[in-house]
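First the structure, then my questions, so here it is.
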Amino acid sequence: MGGKGYALWLFIIEIFVHFSTSSSSSSGNKVPAIIVFGDSSVDSGNNNFIPTIARSNFEPYGRDFFNGNPTGRFSNGRIAPDFISEAFGIKQSVPAYLDPAYNISDFASGVCFASAGTGYDNATAMVADVIPLWKEVEYYKEYQKKLRAHLGDENANEIIREALYLVSIGTNDFLENYYTLPERRCEFPIVQQYEDFLIGLAESFFKEIYGLGARKISLTGLPPMGCLPLERAVNILEYHNCVEDYNNLALEFNGKLGWLVTKLNKDLPGFQLVDANAYDIILQIVKHPSRFGFEVADTGCCGTGRFEMGFLCDPKFTCEDASCMQMTKN
């Protein structure tokens, strides 16, 4: 990422300031671990170990990661949870829970349960046969048992309570499910009905992990979905500009997430759920890439830069310097 990740660092600093201040004022403890739920925006390689085509364990992915190895992250290098973990002084990267190269001693200070292609809606995970959110929670429960066996109940419970939880999910529910397949559109003919359905699922998820001990959570809402390279590629009638309907949908849904954050913080004692909305930062990168050190923000970094993601990301056709462009994501 180098010095060009200014916008990401703004986002990380915001999270860091909030939770470091919170920790020092409440218990005096620093954040001991980063625990991650979500989709490809935060998946550090879990999909490598399940039978799905939604993988990125090959070049050009990972070419700027440590030793230039593709890890399953949908990025040329590290992803946001890795940088957040480093910012808290924990470690430089957060390992995938299903990666057999790591064990509970590694996971004690950070673990990722995320799966590229998933969503709040179980039907979304079925599109590419990835890990549904409920299964991510089951892995989290399994992790807790291992952590208690490894460190004892008292130490394990402290990590679970003081850890920072990162949640980034929701884009696939709309782009890979609702607007691609007919089932949910038949069930919810008005998209706002589907939004409310997802908000209900999100509320149940947060209440469940709260019941399991999670207290400090950063929730990333939807990005400006209409500005993703794929959406711009198919927006021929508007000369490949951002699809404003999708962007407006993201804003609308993020507003409902903000309402949910307020509600849960009020209803659940000791809960600290932060609305870490990255929509505006990402849109500014797209609209004004040069301000953030990017030269190109309307194409991806492999193939034509339009349609390619996952296994379609051909390593023979990549941009020379990924720090000047955004990588494609699933």
message: For a side-chain hydrogen bond (donor to acceptor under 3.5 Å, both in side chains) check, start with the C-alpha distance between R148 and N155, then their side-chain angles and the critical distance, and finish with the verdict.
response: CA-CA 8 Å; R148 292 187 174 101; N155 291 333; over 6 Å; no
task: Step by step, work out the salt bridge (Lys or Arg N to Asp or Glu O under 4.0 Å) result for K207 and E203.
output: CA-CA 6 Å; K207 285 183 175 179; E203 181 173 6; 3.1 Å; yes
- prompt: Do the numbers put R78 on top of the ring of F83, so that NZ or CZ is under 6.0 Å from the six-membered ring centre and no more than 45° off the axis?
  reply: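 R78 over F83 ring: yes.
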task: Please check if the side chain of T52 supplies one atom and the backbone of A128 the other of a donor-acceptor pair under 3.5 Å.
output: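 Side chain of T52 to backbone of A128, a donor-acceptor pair under 3.5 Å: yes, one is there.
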field: Minimum heavy-atom distance between P224 and L283, given as atom pair plus value
entry: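 Reported closest heavy-atom pair: CG-N, 3.9 Å.
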- request: Evaluate side-chain contact (heavy atoms from CB on, under 4.5 Å) for L257 paired with F253, printing each intermediate quantity in order.
  value: CA-CA 6 Å; L257 284 176; F253 186 72; 3.7 Å; yes
F197, CZ: over 12 other non-hydrogen atoms inside 6.0 angstrom: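 Enclosed: over 12 neighbouring heavy atoms sit under 6.0 Å from CZ of F197.
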task: Walk me through it: do D173 and T124 pass the test side-chain hydrogen bond (donor to acceptor under 3.5 Å, both in side chains)?
output: CA-CA 6 Å; D173 288 311; T124 302; 2.6 Å; yes
- prompt: Do Y179 and Y246 have ring centroids that are under 6.0 Å from one another?
  reply: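 Close enough - the centres of the two rings lie under 6.0 Å apart.
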message: How long is the straight-line distance from CD1 of I209 back to CD of E136, given to the nearest 0.5 Å?
response: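 Rounded to the nearest 0.5 Å, the CD-CD1 separation comes to 10.5 Å.
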message: Please evaluate residues Y140 and Y165 with respect to the criterion side-chain hydrogen bond (donor to acceptor under 3.5 Å, both in side chains), reporting the C-alpha separation (whole Å), side-chain torsions for both, the decisive distance (0.1 Å), and the verdict.
response: CA-CA 11 Å; Y140 173 57; Y165 294 76; 2.7 Å; yes
message: To the nearest 0.5 Å, what is the distance between CD on Q272 and CZ on R215?
response: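 Output value for this atom pair is 10.0 Å.
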field: S218 side chain to L166 backbone, donor-acceptor under 3.5 Å
entry: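 No, the answer is negative, given that no donor and acceptor are paired below the 3.5 Å cut-off.
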query: Just how far is it from atom CG of N247 to atom SG of C227, taken to the nearest 0.5 Å?
result: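 SG of C227 is found 4.5 Å from CG of N247.
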- prompt: Among all residues two or more places apart in sequence or in another chain, which pass the salt bridge (charged side-chain N to carboxylate O under 4.0 Å, His left out) test with K141?
  reply: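 Here the qualifying residues are E138, E208.
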- request: Establish whether L251 and L260 are linked, either directly or via other cluster members, by ILVMFWY side-chain heavy-atom contacts under 4.5 Å.
  value: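 Hydrophobic grouping puts L251 apart from L260.
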- prompt: Taking all atoms of both residues into account, what is the closest heavy-atom pair of V130 and A54, and its distance?
  reply: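 Looking at all heavy atoms of both residues, the closest pair is CG1-CB, 4.0 Å.
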query: Would you say the side chain of T71 lies within less than 4.5 Å of the side chain of Y61, judging by non-hydrogen atoms?
result: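 A side-chain contact under 4.5 Å is absent here.
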Whether D82 side chain and I79 backbone form a donor-acceptor pair below 3.5 Å: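 Confirmed, D82 side chain pairs with I79 backbone.
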message: Going by ring pair (Phe, Tyr, Trp, His ring centres under 6.0 Å), name the pairs with one or both residues in residues 260-285, residues two or more places apart or in two chains.
response: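 Ring pair (Phe, Tyr, Trp, His ring centres under 6.0 Å) check on residues 260-285 returns Y210-F271.
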message: Any heavy-atom pair between the side chains of Y97 and C112 that's under 4.5 Å?
response: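 No, every pair of side-chain atoms sits at 4.5 Å or beyond.
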field: Contact check, side chains of F174 and L222, non-hydrogen atoms, under 4.5 Å
entry: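 Side-chain contact under 4.5 Å: yes.
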query: What's the shortest heavy-atom distance between E86 and Q92, and which atoms?
result: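 So the minimum-distance heavy-atom pair works out to OE2-NE2, 3.4 Å.
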query: Any link between L133 and V127 through a network of hydrophobic side chains (Ile, Leu, Val, Met, Phe, Trp, Tyr) touching at under 4.5 Å?
result: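 Not linked; separate clusters.
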task: Quick one: closest heavy-atom pair of S44 and A96, and the distance?
output: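 The answer is OG-N, 3.3 Å.
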query: For R184, which residues count as a salt bridge (charged side-chain N to carboxylate O under 4.0 Å, His left out) partner, sequence neighbours excluded?
result: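 Once residues adjacent in sequence are excluded, the partners of R184 under the salt bridge (charged side-chain N to carboxylate O under 4.0 Å, His left out) criterion are D121, E187.
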- prompt: Shortest non-hydrogen contact from P81 to V94?
  reply: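 Shortest heavy-atom contact: O-CG2, 3.7 Å.
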query: Got V31 and I90 here, is their nearest side-chain heavy-atom distance under 4.5 Å?
result: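 Counting from C-beta outward, V31 and I90 do come under 4.5 Å.
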task: Kindly work out whether a path of hydrophobic side-chain contacts (I/L/V/M/F/W/Y, heavy atoms less than 4.5 Å apart) joins L273 to V137.
output: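 As far as the 4.5 Å side-chain criterion goes, V137 and L273 are connected within one cluster.
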query: Under 3.5 Å, is there a donor-acceptor pair between the side chain of T118 and the main chain of A114?
result: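 Absent.
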query: Could you give the distance from CG (L198) to CD1 (I169), rounded to the nearest 0.5 Å?
result: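 So the gap between those two atoms works out to 9.5 Å.
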Same apolar cluster (I L V M F W Y, side chains within < 4.5 Å links), F74/F66: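 No; F66 is not reachable from F74 via cluster members.
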task: Answer whether the closest heavy-atom distance between the side chains of L219 and V261 falls below 4.5 Å.
output: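 Counting from C-beta outward, L219 and V261 do come under 4.5 Å.
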query: Would I35 and L164 satisfy side-chain contact (heavy atoms from CB on, under 4.5 Å), going step by step from the backbone distance to the final call?
result: CA-CA 6 Å; I35 298 176; L164 171 58; over 6 Å; no
query: Do D43 and N47 have side-chain heavy atoms sitting under 4.5 Å apart?
result: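 Yes, close enough: below the 4.5 Å cut-off.
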field: same_hphob_cluster(I53, M126) at 4.5 Å side-chain heavy-atom cutoff
entry: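 No.
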- prompt: With side chains defined as the heavy atoms from C-beta onward, is the minimum distance between S105 and H150 less than 4.5 Å?
  reply: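 Side chain of S105 against side chain of H150, heavy atoms only: contact under 4.5 Å found.
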- prompt: Is any side-chain heavy atom of N235 closer than 4.5 Å to a side-chain heavy atom of E244?
  reply: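 Of all side-chain heavy-atom pairs linking E244 with N235, none is under 4.5 Å.
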- prompt: When rounded to the nearest 0.5 angstrom, what is the spacing between CG in N177 and OH in Y194?
  reply: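 Output value for this atom pair is 4.0 Å.
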task: Apply side-chain contact (heavy atoms from CB on, under 4.5 Å) to E252 and Q192, showing your working.
output: CA-CA 9 Å; E252 184 175 72; Q192 285 76 19; 3.0 Å; yes
message: Ignoring hydrogens, what is the shortest heavy-atom contact between Y139 and L98? Give both atom names and the distance.
response: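 Distance-wise, the nearest heavy atoms are CZ-CD2, 3.8 Å.
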message: Holding to ring pair (Phe, Tyr, Trp, His ring centres under 6.0 Å), I want the full list of residues that pass it with F49, two or more places apart in sequence or in another chain.
response: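 With sequence neighbours excluded, F49 shows a ring pair (Phe, Tyr, Trp, His ring centres under 6.0 Å) to no residue whatsoever.
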task: Mind checking ring pair (Phe, Tyr, Trp, His ring centres under 6.0 Å) for Y143 and listing every partner two or more places apart, or none if nothing turns up?
output: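 If we apply the ring pair (Phe, Tyr, Trp, His ring centres under 6.0 Å) test to Y143, skipping adjacent residues, the hits are F113.
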Test salt bridge (Lys or Arg N to Asp or Glu O under 4.0 Å) applied to K91 and D106, step by step: CA-CA 10 Å; K91 53 188 176 185; D106 302 300; over 6 Å; no
- request: Start with the C-alpha gap between R232 and E238, add the side-chain angles, then the distance that decides, and say whether salt bridge (Lys or Arg N to Asp or Glu O under 4.0 Å) holds.
  value: CA-CA 9 Å; R232 298 183 70 166; E238 297 183 2; over 6 Å; no
message: Could you go through V191 and R185, starting from their C-alpha distance and side-chain angles, then the distance that decides it, and tell me whether this counts as side-chain contact (heavy atoms from CB on, under 4.5 Å)?
response: CA-CA 8 Å; V191 69; R185 289 202 308 279; over 6 Å; no
- request: Test E59 against R63 for salt bridge (Lys or Arg N to Asp or Glu O under 4.0 Å), laying out the working first.
  value: CA-CA 7 Å; E59 296 179 350; R63 71 182 191 184; over 6 Å; no
query: When rounded to the nearest 0.5 angstrom, what is the spacing between OG in S93 and CZ in R73?
result: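 Between S93 OG and R73 CZ, I get 5.5 Å after rounding to 0.5 Å.
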- prompt: Does Y239 sit in a hydrophobic cluster with other residues, and if so which ones, taking ILVMFWY side chains as linked at heavy-atom separations under 4.5 Å, directly or through other members?
  reply: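 Its cluster partners, ordered by chain and number, are none at all.
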Exam field: side chain S115 to backbone I131, donor-acceptor pair closer than 3.5 Å: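 Confirmed, S115 side chain pairs with I131 backbone.
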